[in-house]
Amino acid sequence: MRRSICYIEPTSSLAGETNTWKFVYTTSINLPKNTLLRFEIVSKGRSIDWQTPETNLKKTANVIYAIMPNDKILQAEAIEIPNSIVPQFQFQLPQEVQAGAPITIYMGAPKGQKADKNGNTCQLMIQRRKPFNLYVDPTGKGNFQDPEVFTLDIKGNELHTIKVLAPSFAIKNKRFDVVLRFEDKYGNLTSNAPEKTLIELSHENLRENLKWKLFIPETGFITLPNLYFNDPGVYTIELKNMHTKQIFRSSPIKCFAQDTKQLFWGLLHGESERFDSGENIDSCLRHFRDEKSVNFYGVSPFESADETPNDLWKTVSQNVEELDEDERFATFLGFQFTGDAGAEGTRHIIYAKDQKPLLRKKEQRSNTLKKIYKLHSPKEIIAIPCLTMGKGQQYNFEDFQPEYERIVEIYNAWGCSENTKEEGNKRPIVTTGKKGMTEAKEGSITKALLANKRFGFVAGGLDDRGHYASFFEECQKQYSPGLTAVLTNQLSKSSIFEALYNRNCYATTGERIIVGLSLAGLPMGSETDSAQKPGLHVNRHLVGYIAGTTKLKLVELIRNGKVLEKFTPDSHILDFAYDDMTSLQEVVLDAKDKKPPFVFYYLRILQEDGHMAWSSPIWVDYIPGKLSNQKMAPKTTAKKELPKEAPKKEAPTEKAPTKTKVAAKKEAPKTVSNKKLPVKTAAKAPVKAVKKESVKVALKKVTKPAPKKTAPLKKTVTNKKAKR
């Protein structure tokens with residue numbers, strides 16, 4: 001039967017296309033009466049996979065049936081297959097079929113119905129030579145051999161989105177590349193666009209004959225090399241589809257005047273909706289690197305032998321090592337350990353190096369977290385508590401190990417563990433059905449911080465393995481997959497790991513929101529005390545910046561779990577400085593563990609589109625000294641302008657005002673340059689508002705207005721409006 005002819009009409013498909021598919025099988029031998037044919041669509045039954053057809057021919061859409069050479073119709077029987085959600089479809093021949101005669105399997109609209117409305121829907125992801133299997137048993141006794149295979153090429157559908165992939169940080173006059181991805185509505189690369197489609201990239205300071213005009217390439221992506229910015233600030237790259245008039249924007253890019261740490265994006269705990277990180281680890285890693293454009297990724301299978309057998313762990317380990325590449329993509333080997341609810345909870349344990357063992361709970365040497373920690377030095381692993389407020393898998397932080405648990409997952413697609421819904425959690429852990437996971441207050445991250453547990457924040461993605469697998473059936477509320485941002489000097493496994501260990505990181509709900517926070521020149525994740533910096537007794541000088549992917553709705557400066565200050569900028573940009581001049585002695589918390597009293601700060605950001613971000617905290621310990629006994633002046637609030645870049649040195653202490661708030665600054669659009677397109681920088685001048693630009697594609701930057709002298713105000717924060 002290996003010389004049998006198998007082909008599909010039509011021979012190719014667009015992702016998500018609805019049609020009627022004909023699978024023509026021409027046998028090379030005589031098939032006797034009662035021969036069994038089993039057809040397999042090779043699907044996992046996910047929403048993104050090929051639609052499963054119906055066997056009932058009375059249905060008006062999406063049916064499967066076969067037609068004999070004499071035009072007799074055969075109804076299919078659905079055969080359940082062990083460990084498979086999708087059945088196979090069996091036909092039994094009512095009569096002999098001669099060699100060379102075709103048997104056609106139809107999957108789509110019934111006769112007389114429209115194929116594009118009542119047909120069968122193709123999978124939502126592109127694939128070259130997508131297989132369909134046909135098993136043939138001439139004996140009729142279920143003795144199936146190797147299948148006959150039909151193949152179909154699935155291409156990207158119509159152009160829907162242009163993604164602009166650019167670095168989040170840039171240095172003045174230092175060149176960088178931008179990648180444009182032309183995608184259909186399912187996220188596939190595509191060149192399927194009308195012939196008149198033209199993408200225009202321009203800037204208001206360029207002459208008309210210097211505008212860039214781009215056609216959609218056959219590959220579906222293009223790289224724009226050697227772009228750079230002339231001035232520090234926050235920029236947004238925009239492209240305009242001249243055919244549809246749609247405008248597409250990049251995530252914000254913050255340009256610095258001099259070299260600084262880079263900002264890298266990644267996912268430590270999460271799965272791809274398309275590729276399983278166990279069975280298809282190579283495809284999964286390439287998907288996140290090439291299609292999601294993340295800079296680092298950590299694998300996170302559960303440690304159970306049923307889910308991760310030894311041979312699978314070996315394959316995962318090899319692929320993680322092979323795909324790791326400095327300055328391109330950092331990969332981490334890791335696994336999830338689920339312990340007792342409350343005392344241990346769920347941990348994602350990541351290794352600093354490759355080719356490490358999978359530590360199973362059933363083994364005596366690794367059946368508790370304490371034993372796992374004893375097997376490693378602190379810088380060999382990082383253990384990340386996940387979904388700490390998920391009831392049944394919660395973690396109460398009572399046995400918190402700061403040497404190993406350097407960071408905590410504040411958010412993943414199943415909810416946020418910062419605090420409870422009643423306390424204002426915007427993305428609480430809830431279920432819409434009778435079953436599912438609810439909140440456990442004991443796992444609150446705010447509660448742990450108040451108890452002097454110190455950790456940075458990271459975010460996880462969507463997980464459908466282990467105890468998360470039942471969430472789909474239990475109607476668990478699902479949110480967007482999160483992202484983790486890391487600030488470090490270079491893109492490498494060791495550098496990313498060190499930054500995570502030092503808590504130089506923050507979490508978002510999936511958007512690439514730029515967040516910066518420093519206290520007395522120390523970055524997020526830092527610890528200091530008033531003995532090292534005596535001025536902290538009087539003033540904690542905080543400087544921050546946020547560049548959102550859309551307009552910011554609310555930025556909150558949190559001190560000791562409560563909102564210290566709110567900012568409501570009328571823009572996607574906010575730069576601020578805040579002097580907390582309440583006496584340190586008055587605001588510190590009792591550590592209750594023979595450690596110094598302390599205070600902590602962090603930022604919580606909310607955009608108008610609902611996306612959020614959390615900076616890692618900064619801690620200040622109270623060490624009594626001379627300045628702590630000085631009498632403080634009455635509290636006042638004053639308004640002043642900020643320099644473009646956050647000051648690195650601690651601000652001098654003011655004697656009269658005890659509290660200073662600085663307004664959010666807005667900046668007007670500026671110039672961008674590339675190697676081929678020189679740009680003249682517009683002269684800077686104070687502006688009240690930026691006139692709406694009529695350019696088709698622009699690179700925007702926000703600049704600061706000239707400072708104005710203002711009399712001291714009481715409890716006020718001003719924002720100067722600027723259009724994006």
Side-chain angles (χ1 to χ4, degrees), residues 1-14 17-44 49-59 61-82 84 86-113 115 118-123 127-155:
M1 289 187 291
R2 306 314 299 173
R3 294 189 299 274
S4 299
I5 300 173
C6 300
Y7 64 92
I8 305 175
E9 292 181 352
T11 57
S12 64
S13 172
L14 300 179
E17 178 185 1
T18 300
N19 206 338
T20 296
W21 319 96
K22 295 194 298 182
F23 300 83
V24 182
Y25 168 61
T26 303
T27 177
S28 62
I29 64 171
N30 294 338
L31 297 179
K33 180 180 179 181
N34 295 326
T35 293
L36 296 179
L37 305 179
R38 278 195 185 177
F39 182 74
E40 181 183 30
I41 64 175
V42 191
S43 168
K44 294 183 178 180
D49 290 328
W50 202 284
Q51 185 182 19
T52 304
E54 301 282 349
T55 59
N56 185 355
L57 297 183
K58 293 182 179 180
K59 297 284 186 179
N62 186 30
V63 297
I64 183 171
Y65 59 94
I67 294 184
M68 297 283 287
N70 61 359
D71 293 334
K72 181 178 177 62
I73 295 178
L74 300 182
Q75 185 169 349
E77 177 187 1
I79 305 296
E80 299 298 328
I81 305 299
S84 176
V86 180
Q88 292 180 356
F89 300 94
Q90 181 169 285
F91 305 92
Q92 187 169 27
L93 301 185
Q95 61 192 50
E96 182 183 15
V97 175
Q98 296 293 321
I103 300 172
T104 304
I105 298 174
Y106 284 79
M107 191 164 63
K111 284 188 175 182
Q113 300 292 337
N118 301 83
N120 173 262
T121 302
C122 173
Q123 66 188 42
Q127 184 176 353
R128 189 171 181 270
R129 299 181 65 82
K130 151 71 181 170
F132 297 85
N133 297 329
L134 181 65
Y135 298 89
V136 182
D137 171 26
T139 68
K141 297 180 180 180
N143 300 320
F144 297 100
Q145 303 299 320
D146 292 340
E148 304 285 353
V149 181
F150 302 85
T151 59
L152 180 72
D153 286 340
I154 303 169
K155 303 176 181 179

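Aromatic ring orientation, Tyr65 versus Tyr106: parallel (interplanar angle below 30°, classes split at 30° and 60°).
When side chains are defined from C-beta on, Cys6 does not count as touching Leu134, because their heavy atoms never get closer than 4.5 Å. Put simply, the side chain of Val86 reaches to within 4.5 Å of the side chain of Ile41, judged on heavy atoms. Side-chain contact check for Met107 versus Phe89: every heavy-atom pair is 4.5 Å or farther apart. With contacts defined as side-chain heavy-atom distances shorter than 4.5 Å, the pair Val136/Thr27 does not qualify.
Atom-to-atom distance recorded for Lys58:NZ and Gln75:CD is 9.0 Å, nearest 0.5 angstrom. Distance check, rounded to the nearest 0.5 Å: CD of Gln127 to OG1 of Thr151 gives 10.5 Å.
Using modelled atom types, one side-chain atom of Asp137 and one backbone atom of Asn143 make a donor-acceptor pair closer than 3.5 Å. Distance alone, capped at 3.5 Å, places no donor-acceptor pair between the Glu54 side chain and the Ala61 backbone. In this structure, Asn30 contributes its side chain and Ala99 its backbone to a donor-acceptor pair below 3.5 Å.
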Do Val42 and Asn133 pass the side-chain contact (heavy atoms from CB on, under 4.5 Å) test, and can you show the C-alpha distance, the side-chain angles, and the key distance before you say yes or no? CA-CA 7 Å; Val42 191; Asn133 297 329; 3.8 Å; yes
side-chain contact (heavy atoms from CB on, under 4.5 Å) for Ile64 and Phe91? Distances and angles first, verdict last. CA-CA 11 Å; Ile64 183 171; Phe91 305 92; 4.2 Å; yes
Please step through side-chain contact (heavy atoms from CB on, under 4.5 Å) for the pair Ile67 and Lys111, ending with a clear verdict. CA-CA 12 Å; Ile67 294 184; Lys111 284 188 175 182; 4.2 Å; yes
Determine, step by step, whether Leu31 and Tyr25 satisfy the side-chain contact (heavy atoms from CB on, under 4.5 Å) criterion, reporting the C-alpha distance in whole Å, the side-chain angles of both residues, the deciding distance to 0.1 Å, and the verdict. CA-CA 12 Å; Leu31 297 179; Tyr25 168 61; 4.1 Å; yes
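Val24 and Pro102 make their closest contact through CG1-CB, 4.1 Å (heavy atoms, listed as atom of the first residue, atom of the second, distance). Contact between Asp49 and Ser43 at its shortest, heavy atoms only, is CB-OG, 3.3 Å. A pairwise comparison of heavy atoms in Leu74 and Met68 identifies CD1-SD, 3.6 Å as the closest pair. In terms of heavy atoms, Pro147 sits closest to Tyr135 at CB-CE2, 3.5 Å. The two residues Ser13 and Leu152 make their nearest non-hydrogen contact at CB-CD2, 4.0 Å. Between Gln51 and Gly119, the shortest heavy-atom distance links the atoms OE1-O, 4.1 Å.
Applying the salt bridge (Lys or Arg N to Asp or Glu O under 4.0 Å) rule to pairs touching residues 26-44 yields Lys44-Glu279, sequence neighbours excluded.
Heavy atoms from other residues, nucleotides or ligands lying under 6.0 Å from NZ of Lys130 number more than 12.
Of the candidates Leu37, Leu36, Thr35, Gln92 forms a side-chain contact (heavy atoms from CB on, under 4.5 Å) with just one, namely Leu36. With respect to Asn62, the side chain to side chain donor-acceptor pair (under 3.5 Å) criterion is satisfied by exactly one of Thr20, Thr18, Asn118, Asn120: Asn120.
Residues Trp50 and Phe132 bring their aromatic ring centres within 6.0 Å.
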